[in-house]
Amino acid sequence: MGELTGYQLGTIGALFLSVASSVSIVICNKALMSNLGFHFATTLTSWHLMVTYCTLHVARRLNFFENKSIDMKTVILFGILNGVSIGFLNLSLGFNSIGFYQMTKLAIIPFTVLLETLFLKKQFSQKIKLSLFLLLVGVGIASVTDLQLNFLGTVLSLLAIATTCVGQILTNTIQKRLNVSSTQLLYQSAPFQAAILFVTGPVVDQYLTKQNVFAFKYSPLILGFIILSCVIAVSVNFSTFLVIGKTSPVTYQVLGHLKTCLVLGFGYTLLHDPFTNRNIIGILVAIVGMGLYSYFCTYENKKKQDLSPGSQIKDKDSNTPLLGHQDKENHFEVKKATKDSLV
């Protein structure tokens, strides 16, 4: 019981850190891009990852965590995949309307459910699917406005969905099967994510913004916001890997839509963004969907625990609710040979 309670507290802490850091960085980046004219999102992300790696390297040297060897092919391909997914998301935003881009983000949950069902043989009950449907409808009502389709934008959105889903599923699977922590995986993969974005970021940003990031005039205020954004990004990147590792890719996406609702609320409160009855109704429907998702997950996990009271808490790859209750049932065996390749 003590181990389970400690795990739940750790999960709640990870969820809170993820929400707080993500909302903070959205507000910071919105000020940086909307008010100060720094529109180089992909390049900024590469700087985020570089600072994250440097921070983790210092932490490792100070013995805050122990480095663990992972098959290099797995790490390289995993890092490149995550870097490419960020690039595709930014290109999707650049070539589509805001409404279609929001639909792209909404499609990540059902696509993740489909992939986990087909390839990982994971089961999602009808109640879980219903709660996810309500969540997606609510966020769609609150955030999707115009829907303008074009062929290239649609292709980029499909690639963004596919790479994001596979990347997040691998984030969870690698931690489980190779028995590595979120910190260890992030530390080893961040340099490759940063490298692919550092090379492609300026090209992507120049194509989308018609400006050169290296010719941009950096005032002290802009540099201050960039540094603040990079500092917050360390927490964002760390909490992302932590949440996916402790819960599941689907739960992380549910949490992501909670952040969307909070950002809409903060935008209205702090930045005086337009806020309509449609936004309010959508957020309320989304909150109901999130509440039902957490309740059904808690109920189903408790039911599984009652059926297998002697099981150990080793694997956490279940439909983990936002409140941090966890299924004790093991879906994978932890592999002792950490050199095994997953990609």
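- Two residues are said to be in side-chain contact when any heavy atoms from C-beta on lie closer than 4.5 Å; L106 and H257 meet this criterion.
- Minimum heavy-atom separation, G153 to N96: O-ND2, 3.0 Å.
- Here the straight-line distance linking atom CG of L56 with atom CD of Q184 works out to 11.0 Å at 0.5 Å rounding.
- The heavy-atom pair separating A194 from L49 by the smallest distance is CB-CB, 3.7 Å.
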### Task
Go through the steps to decide whether N172 and Q168 satisfy the test side-chain contact (heavy atoms from CB on, under 4.5 Å), and finish with yes or no.
CA-CA 7 Å; N172 180 276; Q168 291 181 358; over 6 Å; no

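- Side chains of T171 and P249 form no contact here, defined as non-hydrogen atoms less than 4.5 Å apart.
- Between F241 atom CZ and S182 atom OG the span is 8.5 Å, to the nearest 0.5 Å.
- Under the 4.5 Å side-chain criterion, counting only non-hydrogen atoms from C-beta, V204 is in contact with T42.
- Distance CD1/I174 to OG/S189: 8.0 Å, rounded to 0.5 Å.
- Atom CG of residue L258 and atom OG of residue S294 lie 11.0 Å apart, to the nearest 0.5 angstrom.
- Here the straight-line distance linking atom OG of S131 with atom CG of L292 works out to 6.0 Å at 0.5 Å rounding.
- Residues C261 and M290 share a closest heavy-atom pair of SG-CE, 4.1 Å.
- Judged purely by atom type and a 3.5 angstrom limit, S22 has no side-chain atom pairing as donor or acceptor with the backbone of V19.
- Under the 4.5 Å side-chain heavy-atom criterion for grouping Ile, Leu, Val, Met, Phe, Trp and Tyr, V243 is connected to L135 within one hydrophobic cluster.
- Checked by atom type and distance alone, the side chain of N67 never pairs as donor or acceptor with a backbone atom of R60 at under 3.5 Å.
- With a 6.0 Å radius and a threshold of 12 heavy atoms from other residues, nucleotides or ligands, F16 has its CZ atom at or below the threshold.
- Nearest heavy atoms, L255 versus S18: CD2-OG, 3.6 Å.
- Considering all non-hydrogen atoms of both residues, A142 and I283 come closest at CB-N, 3.9 Å.
- Taking the side chain as every heavy atom from C-beta outward, L159 and L91 never approach each other to under 4.5 Å.
- Remark: of the listed residues W47, F238, Y187, F192, Y187 is the sole one forming a ring-ring contact (aromatic ring centres under 6.0 Å, His included) with Y53.
- Under the 4.5 Å side-chain heavy-atom criterion for ILVMFWY residues, no single connected hydrophobic cluster contains both M103 and V137.
- Inter-residue side-chain proximity for V231 and V51 is flagged as unmet; no heavy-atom pair is nearer than 4.5 Å.
- Exactly one residue among I169, T164, I161 makes a side-chain contact (heavy atoms from CB on, under 4.5 Å) with T112. That residue is I169.
- Nearest heavy atoms, S235 versus L17: OG-CD1, 3.1 Å.
- In the hydrophobic clustering of ILVMFWY residues, with side-chain heavy atoms under 4.5 Å counting as a link, L185 and L242 come out together.
- Formation of a donor-acceptor pair under 3.5 Å by the S92 side chain with backbone atoms of F88 is not found in this model.
- There is a path of hydrophobic side-chain contacts, each under 4.5 Å, that joins F78 to V166.
- Looking at L77 and L170, their side chains never come closer than 4.5 Å, going by heavy atoms from C-beta outward.
- Side-chain contact check for K68 versus N179: some heavy-atom pair is nearer than 4.5 Å.
- Using a 4.5 Å heavy-atom cutoff, the side chains of I25 and S229 are in contact.
- When hydrophobic clusters are built by joining Ile, Leu, Val, Met, Phe, Trp and Tyr residues whose side-chain heavy atoms come closer than 4.5 Å, directly or via intermediates, L93 is not grouped with V213.
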### Query
So R278 and I141, side-chain contact (heavy atoms from CB on, under 4.5 Å) or not? Walk me through it.
CA-CA 7 Å; R278 173 177 172 171; I141 293 173; 3.7 Å; yes

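- Between Y293 and the choices L130, T298, L134, T251, the side-chain contact (heavy atoms from CB on, under 4.5 Å) rule is met once, by T251.
- No side-chain donor-acceptor contact under 3.5 Å links N82 and S85.
- Expressed to the nearest 0.5 Å, how far CZ of F296 lies from CD of Q126 amounts to 11.5 Å.
- Residue K259 places its NZ atom among more than 12 non-hydrogen atoms of other residues, nucleotides or ligands, all under 6.0 Å distant.
- The one candidate from L136, L132, V250 that meets the side-chain contact (heavy atoms from CB on, under 4.5 Å) condition with P110 is L136.
- Of the possible polar contacts, none joining the K122 side chain to the V113 backbone as a donor-acceptor pair under 3.5 Å is found.
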### Message
Pair H57, R61 - check side-chain contact (heavy atoms from CB on, under 4.5 Å), show working.
### Response
CA-CA 6 Å; H57 185 69; R61 294 296 296 269; 4.0 Å; yes

### Message
Between I244 and T240, is the side-chain contact (heavy atoms from CB on, under 4.5 Å) condition met? List the steps.
### Response
CA-CA 6 Å; I244 295 177; T240 296; 4.0 Å; yes

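- For the pair K210 and Y207, the distance from NZ or CZ to the six-membered ring centre is under 6.0 Å and the angle to the ring normal is within 45 degrees.
- Atom OH of Y218 has more than 12 neighbouring heavy atoms from other residues, nucleotides or ligands inside a 6.0 Å radius.
- Between Y295 and Y299, the ring planes are parallel. Angles under 30° get that label, and only those over 60° would be called perpendicular.
- Surrounding CZ of F216 are more than 12 heavy atoms belonging to other residues, nucleotides or ligands, all under 6.0 Å away.
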